[in-house]
Participant: 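Dropping the structure in here first, questions after.
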Amino acid sequence: MLPKGTRDLLPDDMAKRKYIVNAITEVFEQHAFRQIETPAIELNKTLSGKYGEEGDRLMFKVLPRGEKLNSLANQSIEFIKSNIEEALRYDLTVPFARMVVDQRNHINLPFKRYQIQNVWRADRPQKGRFREFTQCDADVVGPAGIIQEAELLHIYHRSFHTLNIPVEIRLNHRSLLQGLAELAGASDKLVAFTIGLDKLDKIGWNGVEEEWRQAGIPDIQPEVKELLLTKGTLEKLLPILEKALESIPSAKRGLLELRQLSSILSNAPLGNTALKLDLSLARGLNYYTGCIFEVSALGADMGSIGGGGRYDDLTGIFGWKDLSGVGISFGLDRIQLVMEQLNSFPNDIGLNAEVLFANMDEASSIIGFKLAQELRSKGMRCEVYPVAAKMKKQIDFAVKSNIPFLVILGENERLNQEVTLRNLATGEQSSFSQNDLYEKLK
RNA sequence: GUGAUUGUAGCUCAGUUGGUUAGAGCGCUAGUUUGUGGCACUAGAGGUCGCCGGUUCGAACCCGGUCUUUCACCCCA
């Protein structure tokens, strides 16, 4: 029995996850990100209020214990809620911001860190959604340059390319959304405007208009609608936007930054990864202020497998004003599911033993144990069957464990100082001196 | 948080309008085979029918509640 939305991870799962994590880690490290970890529990006041109302609802709170709990016995729910001291990490970004401020004397700007840890959300589980899951984040804080956004996009590209997952990265910019809202006459209703627009893929244009109508946003002019519905590459769309938003001051930053990004990427392109400018991309987290990204796997039935963006002042709430940060996140669990769907994993991924020493009797198994130690010291993975069970049982175990070779060492072999080596795939076997075992296996 | 959906052996699932002792396949254990796997045959173990309550002479089956699974919405990785 497990709490809902949690899973046991079996050896095959772990092998797959390790494979993914290794690929991503290598890319992070090539880009000079360095790994950190932060505690699973944070102070409630550190986390609450940082993720909007929805986030507060989904955060796992830690109940006080002992006397503190007793003292809450007759209090109101509201009072109890306000006295909760600890909560489980909800994402990796806010704890990172907290750490940057706490550890400001021990870090060096620009500070690039990566972090691969579990986070917890008290959501209702469904496809690709768990209550305990793993995020792989790379963020940089310090002097802000659009070159960082370009770098992060390359990290996405290279990681997913290595993992053999075809992806599409969708890109947008908060200031563009603001400019568009202004153009649409909804500048005072930016949130409702973007939330509605974000649903375009799901509910279609008419649905979006309906949502806007309910939020009191005036009808959209046809030319603005056309603009909002346009999707395409940065190169193609940017000139159109530059023209349309020319006179809107709030869009200026977005246009400038995307123009810079475009020139960087035209010199160092993202290979076969599709980058699309998608004006309907909003992303919920309310601290994003610049570029925003979202990654989805092509040909897989799964939501986004990664996302991120720039936040100009995340550390401000912890007492360090105007420190800019930009980061991305990989959803490990969803990536694993997508790779299973798309058959993207190589075959030889699980690290099984390469050799099993059958156990025929105690005297022989002592020699087998010694030989196994010798093979291990030469880098070979092997194991000795622990008891003198029936051969059938031992072979069965080897086959089911995907162990390709069986060493048989019983009384006959022992007396001749030999071993018998059986190839379990072909059934071929031969006997030779114990001294030759490594040579024959390698 | 909203709306559906699922729960019977280790796994996948049957189970008649409510009626005696709840079944199958696969898997597992043992044997046919005392040192050789995938096949075959034989035998065996394994179930408070998710849980609590109700209706009934009688409930796996009907009703209520609850937990769980899966899915969609919300939101997100």
Participant: How far does the C1' atom of U48(B) sit from the matching atom of G44(B), given to the nearest Å?
Facilitator: 23 Å
Participant: Ring-plane angle category for His157(A) and His154(A), please: parallel below 30°, perpendicular beyond 60°, tilted otherwise.
Facilitator: perpendicular
Participant: What is the distance, to the nearest angstrom, from the CE atom on Met59(A) to the P atom on C76(B)?
Facilitator: 15 Å
Participant: Could you check Ile328(A), Asp139(A), Ile169(A), Ile147(A) and say which one makes a side-chain contact (heavy atoms from CB on, under 4.5 Å) with Leu152(A)?
Facilitator: Ile328(A)
Participant: May I ask which nucleotide in the shown strands pairs with G47(B), Watson-Crick or G-U wobble, both distances under 3.5 Å?
Facilitator: none
Participant: For the residue pair Tyr51(A) and Tyr287(A), is the inter-centroid distance of their aromatic rings smaller than 6.0 Å?
Facilitator: no
Participant: Output the residues of residues 125-137 of chain A in contact with RNA chain B, where contact means a heavy atom of the residue under 4.0 Å from an atom of the strand; sort by number or write none.
Facilitator: Gln126(A), Lys127(A), Gly128(A), Arg129(A), Phe130(A), Phe133(A), Gln135(A)
Participant: So Trp212(A) and Trp205(A), would you call those rings parallel, tilted or perpendicular, with 30° and 60° as cut-offs?
Facilitator: perpendicular
Participant: Do Asp123(A) side-chain atoms and Pro125(A) backbone N/O form a donor-acceptor pair below 3.5 Å?
Facilitator: no
Participant: What does A24(B) pair with, Watson-Crick or G-U, if both distances are under 3.5 Å?
Facilitator: U12(B)
Participant: Using a 6.0 Å distance limit plus a 45 degree cone around the ring axis, check whether Arg113(A) lies over the aromatic ring of Phe33(A).
Facilitator: no
Participant: For nucleotides G23(B) and G46(B), find the distance between their P atoms and express it as a whole number of Å.
Facilitator: 14 Å
Participant: CZ of Phe397(A) versus P of G27(B): gap in Å, rounded?
Facilitator: 19 Å
Participant: Arg124(A) has an atom CZ; how far is it from atom P of U69(B), in whole Å?
Facilitator: 11 Å
Participant: Calculate the interatomic distance between Gln394(A) atom CD and U34(B) atom P; express it in whole Å.
Facilitator: 15 Å
Participant: Looking only at atom P, what distance separates C11(B) and C49(B), rounded to whole Å?
Facilitator: 16 Å
Participant: Any donor-acceptor pair under 3.5 Å linking the side chain of Asp56(A) with the backbone of Gly49(A)?
Facilitator: yes
Participant: Is a donor-acceptor pair below 3.5 Å formed from side chain Arg334(A) to base C76(B), judging by atom type as modelled?
Facilitator: yes
Participant: Would you kindly check if the NZ (Lys) or CZ (Arg) of Arg310(A) is within the cone defined by 45 degrees around the ring axis of Tyr288(A) and under 6.0 Å from the six-membered ring centre?
Facilitator: no
Participant: If the plane angle is over 60° it's perpendicular, under 30° parallel, otherwise tilted; pick one for Phe330(A) and Phe28(A).
Facilitator: perpendicular
Participant: Please check if the distance between the ring centroids of Phe397(A) and Tyr385(A) is under 6.0 Å.
Facilitator: yes
Participant: What's the gap between A60(B) and C52(B) when it is taken at their P atoms, as a whole Å value?
Facilitator: 13 Å
Participant: Measure the distance from CG on Asp123(A) to P on C76(B) and round it to the nearest whole Å.
Facilitator: 10 Å
Participant: Under 3.5 Å for both donor-acceptor distances, Watson-Crick or wobble: does A40(B) have a partner, and if so which one?
Facilitator: U32(B)
Participant: Please state the P separation for the pair U66(B) and U21(B) - nearest whole angstrom.
Facilitator: 33 Å
Participant: With heavy atoms under 4.0 Å as the rule, sort Lys400(A) into base, sugar-phosphate or nothing.
Facilitator: sugar-phosphate
Participant: Using atom C1' of each nucleotide, how far apart are G3(B) and A77(B) to the nearest Å?
Facilitator: 24 Å
Participant: So what does Leu92(A) hit on the nucleic acid, given a heavy-atom distance under 4.0 Å: a base, only sugar-phosphate, or nothing?
Facilitator: nothing
Participant: Looking for any heavy atom pair under 4.0 Å, which part of the strands does Gly5(A) touch: base, sugar-phosphate only, or nothing?
Facilitator: sugar-phosphate
Participant: Is Lys202(A) near enough to C74(B) that one of its side-chain N or O atoms lies under 4.0 angstrom from OP1 or OP2?
Facilitator: yes
Participant: What does nucleotides 35-44 of chain B look like as a protein-contact string, B for base, S for sugar-phosphate only, - for none, at under 4.0 angstrom between heavy atoms?
Facilitator: BBBB------
Participant: Specify the residue among Gly307(A) and Ile203(A) whose closest nucleotide of RNA chain B lies further upstream toward the 5′ end.
Facilitator: Ile203(A)
Participant: Between Glu42(A) and Arg89(A), is there a side-chain N and carboxylate O pair less than 4.0 Å apart?
Facilitator: no
Participant: Rounding to the closest angstrom, what is the interatomic distance between U55(B) and G1(B) at atom C1'?
Facilitator: 34 Å
Participant: So, Ser431(A) and Glu418(A): side-chain donor and acceptor under 3.5 Å apart, yes or no?
Facilitator: no
Participant: Over how many whole Å does the gap from Tyr114(A) atom OH to A77(B) atom P extend?
Facilitator: 21 Å
Participant: Rounded off to whole Å, could you give me the CG-to-C1' distance for the Leu58(A) and C73(B) pair?
Facilitator: 14 Å
Participant: Go through C76(B), A30(B), C75(B) for me and flag the one nearest to the Arg121(A) side chain.
Facilitator: C76(B)
Participant: Rounding to the closest angstrom, what is the interatomic distance between G64(B) and A24(B) at atom C1'?
Facilitator: 33 Å
Participant: Within this structure, what is the NZ-to-P distance between Lys4(A) and U66(B), rounded to whole angstrom?
Facilitator: 12 Å
Participant: Taking pairing as Watson-Crick or G-U wobble with both contacts under 3.5 Å, can you name the mate of G64(B), or confirm there isn't one?
Facilitator: C52(B)
Participant: Go ahead and name the base partner of C71(B); Watson-Crick or wobble counts if both distances stay under 3.5 Å, otherwise write none.
Facilitator: G3(B)
